[in-house]
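Below you'll find the structure, written out as structure tokens, and then a few comments.
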Amino acid sequence: MLQWAVIIFAIGAIGGLVLASSVLRGKLAPWALSLLHAALGATGLVLTAIVVFGAGETVPQHTGLALLLLVIAALGGFFLASFHLRGRPGPKQVVLIHAGVAVIGFLLLAGGAFRLF
């Protein structure tokens, strides 16, 4: 199940790159892509939480930390979405922090899911 979460997060990250490039250029990101990015992130979080909180699988090392970081990234995403709702691009620093935390969480999750460490 964790491998599916990694795949879903990876697809969502592609959309996140497009969103971030819009915001970093001072433009409002496309709504449809924002919603898809959020839906993929939420799906990945749910799959990861199911594993961490006991669906019968052995939890790989660092998976709990990955989940925590991805939840923090999601909270940053909600903050950025609040700017989007007001018709303004979010703060560039928050976009970079959101992306950085998400990437670290993703790498920890992928490492555990594919037994890389």
Report yes or no: do [X] and [Y] belong to one cluster of Ile/Leu/Val/Met/Phe/Trp/Tyr joined by side chain heavy-atom distances under 4.5 Å?
{"X": "Leu107", "Y": "Ile8", "value": "yes"}
{"X": "Leu85", "Y": "Phe79", "value": "no"}
{"X": "Leu68", "Y": "Leu108", "value": "yes"}
{"X": "Met1", "Y": "Val71", "value": "yes"}

Taking only residues two or more places apart in sequence or in another chain, which ones pass side chain to side chain donor-acceptor pair (under 3.5 Å) with Thr63?
-> none
Who passes side chain to side chain donor-acceptor pair (under 3.5 Å) against Ser82, sequence neighbours left out?
-> Arg86
In Å and rounded to the nearest 0.5 Å, what is the CG to CD distance from Leu109 to Gln3?
-> 10.0 Å
Please round to the nearest 0.5 Å and tell me the distance separating atom CG of Leu65 and atom CD1 of Ile104.
-> 9.5 Å
What heavy-atom pair brings Leu80 and Gly90 nearest, and what distance separates the two atoms?
-> CD2-CA, 4.0 Å
For Val94 and Gly76 the tightest heavy-atom approach is CG1-O, 4.4 Å
With sequence neighbours left out, what residues match Ile7 under side chain to side chain contact (heavy atoms under 4.5 Å, CB included)?
-> Trp4, Ile11
Tabulate below the donor-acceptor pairs under 3.5 Å that side-chain atoms of residues 39-54 make, not counting sequence neighbours, or state none.
unit_1, atom_1, unit_2, atom_2, d
Thr43, OG1, Ala39, O, 2.8
Thr48, OG1, Gly44, O, 2.8

Going by atom type alone, with no hydrogens or angles, which donor-acceptor pairs under 3.5 Å involve a side-chain atom of residues 22-36 and a protein atom two or more places apart or on another chain?
unit_1, atom_1, unit_2, atom_2, d
Ser22, OG, Val18, O, 3.3
Arg25, NE, Ser21, O, 3.0
Ser34, OG, Pro30, O, 3.1
Ser34, OG, His84, ND1, 3.3

Determine which pairs satisfy ring-ring contact (aromatic ring centres under 6.0 Å, His included) with at least one residue from residues 87-117, sequence neighbours left out, and list them in order.
-> His62-Phe117
